[in-house]
Amino acid sequence: MKNKTYNKKKMLVVFSIAVVLIVSLMARLFYLMVFDAEHYQKLAKDLHERERKIKAARGEILDRNGVVLAANKTVCTISVIHSQVTEPEKVARILAEELEMDESKIAEKIQKVTSMEKIRTNVEKETGDRIRDYDLDGVKVDEDFKRYYPYRDLASRVLGFTGGDNQGIIGLEVKYEEYLKGINGTILTVTDARGIELEGVAEDRIEPVAGGNLRISMDYNIQSFCQQAVEKVLEEKQADSVSVLLMNPQNGEILAMVNVPEFNLNTPYELNTEVAEEPLSDVELQERLNRMWRNECINDTYEPGSTFKIITSSACLEEGVVSLSDTFSCPGYRVVEDRRIRCHKVGGHGQETFIQGIQNSCNPVFIDIGLRLGADRFYEYFKQFGLLGLTNVDLPGEAGTIMHKKEDIGLVELATMSFGQSFQITPIQMATTVSSLVNGGKRVTPHFGISIEDGEGTVLEQFQYEEKKGIVSEKTSETMRMLLKSVVEEGSGRNGAVEGYSVGGKTATSQTLPRSANKYISSFIGFAPAENPQVLGIVVIRNPQGVYYGGTIAAPVLRSIYDNVLPYLGIEKS
């Protein structure tokens, strides 16, 4: 009797446990089928569907006349699918031969149990076609796009280049990445549980969307004129580098920006200068590449020297602390506090008017008017002219002005600042600020981007740029145009004169830090026509050998450019 009762209890316990387990399993199954169904559907889909990307064609970069400066070249991506490779040794051998790669490394990738393993990207189309013709199981050859620059080193630091995945790295390529990159497409294929693609099952294909074309203000012909001119002076003067920037001072459109030596955009990881016999370390190589990629017009600052006298003159005329008829005396130096600051003319200029002072680029004259203006007002005009901010040019990495704090500007600092020393700005900032002082007082935003277009040339987006009026009065601007015209016609800028055209401008020769190194920067800013500027240019020559005066070596460079560019732009001779 006792055994019977015990067995009944035992059966009841077992039955209860079984019921609990069954109910638990049913509850779990219900949860998986109802509440977690989406997750497992995705897992099943991932198991049976294989996705391959179709790269979108990157948008082209066009100059203002439609010349293609950055295009696309068809290349291939070679991949392997482990589960589909039937002859791994043969695949490794053939791919190693065709791709000139190590066979053992390819064999390792074939053995990886992944949905798809890339062997190499950016393979020439001819090579990709040959590999496709072998008809190797498990080897995929997908067509892709690689950036191609038909003019190699033209505007290299402006255009920039792309990386292995066709993404922008520097220059306009990275600045306008969102417009240029497009949207990748996909190919979806169905496989069995072993990863073998099922025959007779249709592929799902989502077509890629090409990126928009970027039209820029640069003119291929003007850029070429400029590059030829600066390469000539780079060689003649054995300078470290030379930069030229040409822009329309009325609207900020940049027509040309050259920094020589340029580098080949199709091989951007090859140095553009001779390399020492001893191999460079990875760190040294990267440092050299970073320097090579720098755009000295916007990324680097310099002491502007006497070209800054344009800004000092404008501020003092606007404030009314100087008039054209004011007279000054230049004995060849000025003593400010305990400092003897000399003029470039050792014997001095003697008695001279303000007009003669700017024509002669006389430092004592500008020290005098700078001291009249005073540190507080000088600093306020610095701010008013936009020198304390950025130009907001549409290129990455713009450097800001390196300037004294207002409270640190003593008489000596004020004196040296008045003729362009003891602070630093970029060439793009200098050109933009001078533009506002000669165009009637309108601060423009320097830029390349004009619009985004589709493949048929239809404008999808037109870019707009900020302008700020009232930088100086029209009267001051008109006076500055007249003064700077006289500098070219009668003063230190004579070598910048262009036959048949009225040109205004200012030369500069500044010494780099440390002063003991005896290295100089020669520069010239010039605009034409002087009465109604349509083009403004700046030339900066860094560390020229031999004669280094801006009026002697920099002004002739812009003159030779304007000899070609002014007629090309349809500007009539006066």
Side-chain angles (χ1 to χ4, degrees), residues 61 69-70 147 149 151-163 167-177 216 218 223 226-227 230-231 233-234 237-247 254 256-276 280-304 390-402 423-432 446-448 510 512-513 517 519-523 537-544 554:
I61 300 178
L69 303 176
R147 209 53 159 163
Y149 302 91
Y151 302 105
R152 296 178 295 279
D153 66 349
L154 187 88
S156 58
R157 294 173 179 86
V158 174
L159 297 176
F161 58 90
T162 60
Q167 80 283 10
I169 301 293
I170 67 169
L172 295 172
E173 290 279 24
V174 68
K175 186 69 177 181
Y176 289 95
E177 172 74 9
I216 63 175
M218 179 185 291
Q223 181 78 13
C226 291
Q227 186 163 328
V230 295
E231 283 177 344
V233 74
L234 178 76
K237 299 305 297 179
Q238 293 297 293
D240 289 348
S241 62
V242 185
S243 298
V244 167
L245 164 66
L246 252 62
M247 64 183 285
I254 300 173
M257 185 181 283
V258 180
N259 297 275
V260 292
E262 300 274 7
F263 63 92
N264 189 338
L265 286 168
N266 295 315
T267 54
Y269 294 94
E270 291 181 10
L271 294 173
N272 61 351
T273 53
E274 292 183 6
V275 182
L280 299 171
S281 68
D282 290 344
V283 173
E284 289 171 332
L285 176 60
Q286 191 58 55
E287 287 178 352
R288 293 277 292 273
L289 288 172
N290 289 338
R291 284 201 301 272
M292 182 180 79
W293 296 335
R294 288 182 71 82
N295 185 332
E296 292 179 307
C297 283
I298 66 163
N299 298 143
D300 292 345
T301 58
Y302 75 116
E303 284 189 339
L390 300 177
T391 68
N392 294 319
V393 63
D394 54 346
L395 284 173
E398 181 183 3
T401 299
I402 301 173
F423 68 94
Q424 296 190 9
I425 62 176
T426 58
I428 187 77
Q429 179 64 270
M430 192 68 204
T432 303
H447 61 272
F448 285 98
S510 55
T512 63
L513 295 173
K519 291 185 177 182
Y520 296 87
I521 293 177
S522 306
S523 61
I538 180 170
V539 177
V540 181
I541 305 173
R542 299 172 186 84
N543 193 28

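- Within the 3.5 Å criterion, the main-chain N or O of R294 finds no donor-acceptor partner in the side chain of N299.
- Between L395 and M257 there is a side-chain heavy-atom pair separated by less than 4.5 Å.
- Between N290 and the options R288, E287, Q286, a side-chain hydrogen bond (donor to acceptor under 3.5 Å, both in side chains) holds for only Q286.
- Considering only heavy atoms from C-beta on, T512 stays 4.5 Å or farther from N543 through its side chain.
- Residues forming a salt bridge (charged side-chain N to carboxylate O under 4.0 Å, His left out) with E173 (at least two apart in sequence, or on another chain): R58, R147.
- By the salt bridge (charged side-chain N to carboxylate O under 4.0 Å, His left out) test, D153 pairs with no residue at all, sequence neighbours left out.
- Minimum interatomic distance between C226 and V258 (heavy atoms only, all atoms of both residues): CB-CG2, 3.7 Å.
- In terms of heavy-atom proximity, S243 sits nearest to N259 at OG-OD1, 2.8 Å.
- Considering N272, V242, V244 in turn, V242 is the only one that fulfils the side chain to side chain contact (heavy atoms under 4.5 Å, CB included) rule with V260.
- The minimum heavy-atom distance linking L245 with A431 is given by the pair CD2-CB, 3.7 Å.
- Looking only at side-chain heavy atoms (C-beta outward), Y302 and E296 stay at 4.5 Å or farther from each other.
- For the residue pair I541 and A554, the shortest heavy atom distance occurs at CD1-CA, 3.9 Å.
- Note that CD1 of I298 is 9.0 Å distant from CG of D394, once rounded to the nearest 0.5 Å.
- Of all heavy-atom pairs between K175 and P396, the closest is CB-CD, 4.3 Å.
- Nearest approach of G163 to I169, heavy atoms of both residues: N-CG1, 3.5 Å.
- Applying the salt bridge (charged side-chain N to carboxylate O under 4.0 Å, His left out) criterion to E262, with sequence neighbours excluded, gives R157.
- Side chain of S156 to backbone of F263: a donor-acceptor contact under 3.5 angstrom is found.
- Checking side-chain atoms of Y149 against main-chain N and O of G160 turns up a donor-acceptor pair under 3.5 Å.
- In this structure, CD1 on I254 lies 8.0 Å from NE2 on H447, to the nearest 0.5 angstrom.
- Atom CD1 of I170 and atom OG1 of T162 lie 11.0 Å apart (nearest 0.5 Å).
- Atoms CZ and CE, from F448 and M247 in turn, are 10.0 Å apart once rounded to the nearest 0.5 Å.
- L280 is listed as a side-chain neighbour of L271, based on a closest heavy-atom distance under 4.5 Å.
- For the residue pair T426/E398, the side-chain donor-acceptor check at 3.5 Å is not satisfied.
- At a cut-off of 3.5 Å, with distance as the only test, a side-chain donor of T301 or Q424 sits close to an acceptor on the other residue.
- Side-chain contact annotation: R152 with T267, donor-acceptor N/O pair under 3.5 Å absent.
- To the nearest 0.5 Å, the span separating CG on L159 from OH on Y151 amounts to 11.5 Å.
- Proximity of L285 to L289: side-chain heavy atoms (C-beta onward) are separated by under 4.5 Å at one or more points.
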Self-check item: side chain to side chain contact (heavy atoms under 4.5 Å, CB included) assessment of M218 paired with L69
Solution: CA-CA 10 Å; M218 179 185 291; L69 303 176; 4.1 Å; yes

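- Annotation for D282: atom CG does not count as buried by contact number, only 12 or fewer foreign heavy atoms lying within 6.0 Å.
- If you take CG on L234 and CZ on R542, they are separated by 11.0 Å, rounding to the nearest 0.5 Å.
- The closest side-chain heavy-atom distance from Q227 to L154 is below 4.5 Å.
- A 4.5 Å side-chain heavy-atom check between M292 and P268 finds every atom pair outside the cut-off.
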